[in-house]
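Numbers for residues simply follow the sequence, beginning at 1. For the numbers below, each heavy atom of this structure counts, side chains included, while hydrogens, waters and symmetry mates do not.
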Amino acid sequence: MDKYRIDSHKLIYHPARAADWLAGKNIYPIYAEISPSGACNHRCTYCALDFMEYKPRFLNTKVLKTRLKELGKLGLKSAMFAGEGEPFLHPDMAEISVWANKCGVDTSFTTNAALMKPAIVDKILPTTSWIKVSINGGTPGTYGQIHRCNPGDFGRVFEHMGYAAALRKKKGYKCALGMQMVLLPENSHEAADLARKARDAGMDYLVVKPYSQHPLSVTDKYKDIKYADFEKLGAELEKLNRPGFSVVFRMNTMKKWDEGRRPYTRCLALPFWTYIDAGGNVWGCSMYLQNEKFRYGNINDSTFKKIWEGEKRRKSLKYVACMDASRCRVNCRMDEVNRYLWELKNPGEHANFI
């Protein structure tokens, strides 16, 4: 039921880029995560990037549009607008997204959707590949407690996403609409209720995923959470699947969290993606924000090409090549990609017997 490979990876669809990397060539990222806003209207109890302090800084629209045009020509395939803040706090978010698509870049959003009003939906829906809403409760009370926001936002989110679903159906747009719950002790009993609400609102899927402790997070409330006892919940949620709607219960990722181990000893994925924060800094990895060894440069000061081919990035990649991956965040964004690349670099016996 996971047709979008949410619990896996999609680097298998880019063999030419992977082959160039294996051959030692410089490659440009396939995917970028871009943080248009450092500010956020919620203060979720599990927020991984709380250490960024929700600063009210915003990417310069003109600069970002120039860099997106450049990135499209360099081979960037996709951009997810998310990051350390809420993307729709940026006043030009819709304009930026539509522009990126014109530059040949597929666009998507991870958002709490409380600010994604119909006027914004009208602008972004025709050109957006997917919208995934972070919604971590099945009732306004639990939602408000975990998001640390006005419980009324719960209803607003469903209004906005219901409008998007109706507009998509009316216009024949292809944008996938989904919701996502981080499974926590406070909300596990409401997962089924949320799945039914998401299904009835016209969503394509609900993702239920594990918490992942960011080493720099201020909060560590959930650092010892275990998911072995939730397999029964996954089976229960699977019963809610229907044509056009599925629950993606990320049991594979939950097991990896519980085990805390990875089969690779080095991070190999950094050439395939990048992170641009709300201040315009280009990072090799979002786990190491504020660590200068992972900052390549700033799009306000230089072209992306100069940043990507610059000395700071070369030194960073050299450093990462010797860094023990056990220091990294369990279930980081590139974990499955790393598993795939490690196997390409270190194939098992009898690999030629395809």
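Judged purely by distance below 3.5 Å, without hydrogens or angles, the side chains of N241 and S246 never pair a donor atom with an acceptor atom.
Annotation: E309, atom CD; neighbour count of heavy atoms from other residues, nucleotides and ligands within 6.0 Å is above 12. Surrounding NZ of K170 are at most 12 heavy atoms belonging to other residues, nucleotides or ligands under 6.0 Å away. For R261, the CZ atom is loosely surrounded, since the number of other residues' heavy atoms within 6.0 Å does not exceed 12.
H147 places no side-chain N or O within 3.5 Å of a backbone atom of C149 that could act as its donor or acceptor partner.
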Problem - Criterion ring pair (Phe, Tyr, Trp, His ring centres under 6.0 Å) on F81 and F109, from CA distance to verdict - result: CA-CA 5 Å; F81 297 109; F109 293 92; 5.5 Å; yes
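Taking the ring centre of W21 as origin, the terminal cationic atom of K345 falls inside the region bounded by 6.0 Å and 45° from the ring axis. Both the sub-6.0 Å distance and the 45° axial angle are not jointly satisfied by K255 relative to the ring of W257.
Residues meeting the side-chain hydrogen bond (donor to acceptor under 3.5 Å, both in side chains) test with E95, sequence neighbours left out: K65.
Ring planes of F294 and Y319: perpendicular class, angle over 60° (limits at 30 and 60°). The aromatic rings of W308 and Y296 sit perpendicular to each other, their planes meeting at more than 60°, with 30° as the lower class boundary.
Sorted by first then second residue, the salt bridge (charged side-chain N to carboxylate O under 4.0 Å, His left out) pairs that include residues 280-291, not counting sequence neighbours, number zero.
A salt bridge links K256 with E336: the closest approach of a Lys/Arg side-chain nitrogen to an acidic carboxylate oxygen falls below 4.0 angstrom.
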